[in-house]
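Input: a single structure, listed below in structure tokens.
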Amino acid sequence: MNVEQTLTEELGAVARSISTPPPPSVTALVATAERVRSRRIGTTVAVSGLLAAAIVGAVVLGNDLGHPDSAPPITKVSIAPLPTGAAPRIPYVIGSTLYVGGQPISGSYRAATTAGTTTLAYPPAQAGNFNRFEVLHDGIKVANGLARDVVMSPDGTKVAWAEVDATSAHLIEIDGTTGRELGRLTVGPLPLRP
């Protein structure tokens, strides 16, 4: 017989000689569960009581044992407006006021577009499908008109639009810095599309 077989027989004999204990009774299990639950409830009540006592103590001591007159006086804090910095360099519209270089321009406006030192500003009045516009250079009005679309060169030196009436149409180009007309092209009658 080798060691492995000997060990297997001895362990088998020991295992056969041990009897398993009977399971606990249901009554004993219920009693143990009630004891554990009672301890947990008692611990919770004790911790809650200590916490409440600590809060009450902090309030009483924080209130200088009920003497509010000994509290430090309340200081008033003055609130200064936040700094806003310099006005934007480009023209902008707030409400219906156009600002150029931080200064308001007289009139009422709904929008503005800028390129270089030239600004296209749009007053609120419209006529049908056409928009009123003004061309400003450094905040000074140099031209105005009524058109569907107005285009400006990327550097703001030229502005163009189509002027349309019942019988003809003209493409107009002006100098964006002076308002001087640079060209006018007559466009023949255009076919209407449904």
Side-chain angles (χ1 to χ4, degrees), residues 1-105 107-126 128-129 131-133 136 139 148-152 154-156:
M1 231 190 190
N2 65 19
V3 175
E4 186 177 323
Q5 289 173 345
T6 306
L7 195 57
T8 302
E9 284 180 17
E10 288 181 9
L11 286 175
V14 169
R16 286 186 291 277
S17 67
I18 297 175
S19 62
T20 59
S25 69
V26 175
T27 311
L29 288 175
V30 169
T32 304
E34 285 179 0
R35 275 194 313 271
V36 169
R37 189 177 315 122
S38 297
R39 281 188 201 139
R40 284 189 184 156
I41 290 173
T43 303
T44 304
V45 169
V47 168
S48 298
L50 287 173
L51 185 59
I55 291 172
V56 169
V59 169
V60 168
L61 290 176
N63 203 9
D64 284 339
L65 299 175
H67 301 292
D69 295 337
S70 64
I74 296 174
T75 57
K76 291 187 178 181
V77 177
S78 62
I79 299 174
L82 293 174
T84 56
R89 290 181 166 183
I90 62 170
Y92 57 96
V93 176
I94 295 180
S96 62
T97 304
L98 173 65
Y99 293 87
V100 177
Q103 301 301 316
I105 302 294
S108 178
Y109 298 91
R110 61 184 167 82
T113 304
T114 300
T117 56
T118 303
T119 300
L120 282 176
Y122 299 93
Q126 292 183 355
N129 292 331
N131 295 313
R132 296 191 189 287
F133 67 91
L136 300 120
R148 264 192 204 156
D149 293 313
V150 183
V151 293
M152 187 169 35
D155 61 357

Using the side-chain contact (heavy atoms from CB on, under 4.5 Å) criterion, which residues pair with [X]? Sequence neighbours excluded.
{"X": "Asn2", "answer": "Glu4, Gln5"}
{"X": "Ala112", "answer": "Val93, Leu98, Thr119"}
{"X": "Thr97", "answer": "Tyr99, Pro104"}
{"X": "Ser17", "answer": "none"}

Quiz prompt | Close side-chain approach of Val14 and Glu10, heavy atoms under 4.5 Å | solution = no
Quiz item: Going by heavy atoms in the side chains, are Met152 and Thr118 under 4.5 Å from each other?
Solution: yes
Quiz prompt | Reported OG1-to-CG distance for the pair Thr117 and Asp155, which is rounded to 0.5 angstrom | solution = 9.0 Å
Quiz item: CG/Leu120 to CG/Leu136 distance, rounded to the nearest 0.5 angstrom?
Solution: 8.5 Å
Exercise. Mind jotting down which residue pairs meet the side-chain hydrogen bond (donor to acceptor under 3.5 Å, both in side chains) criterion with at least one end in residues 28-42? Sequence neighbours excluded, please.
Key: Thr32-Arg35
Quiz prompt | Set of ring pair (Phe, Tyr, Trp, His ring centres under 6.0 Å) partners for Tyr122, sequence neighbours left out | solution = none
Quiz item: Sequence neighbours excluded, which residues qualify as ring pair (Phe, Tyr, Trp, His ring centres under 6.0 Å) partners of Tyr109?
Solution: none
Heavy-atom closest pair, residues [X] and [Y]:
{"X": "Glu9", "Y": "Arg16", "value": "O-NH2, 4.3 Å"}
{"X": "Arg132", "Y": "Pro123", "value": "O-CD, 3.4 Å"}
{"X": "Pro124", "Y": "Ser108", "value": "CD-O, 3.1 Å"}

Quiz item: Name the one of Leu50, Val45, Thr44 that satisfies side-chain contact (heavy atoms from CB on, under 4.5 Å) with Ser48?
Solution: Thr44
Self-check item: Contacts of type side chain to side chain donor-acceptor pair (under 3.5 Å), residue Ser96, not counting sequence neighbours
Solution: none
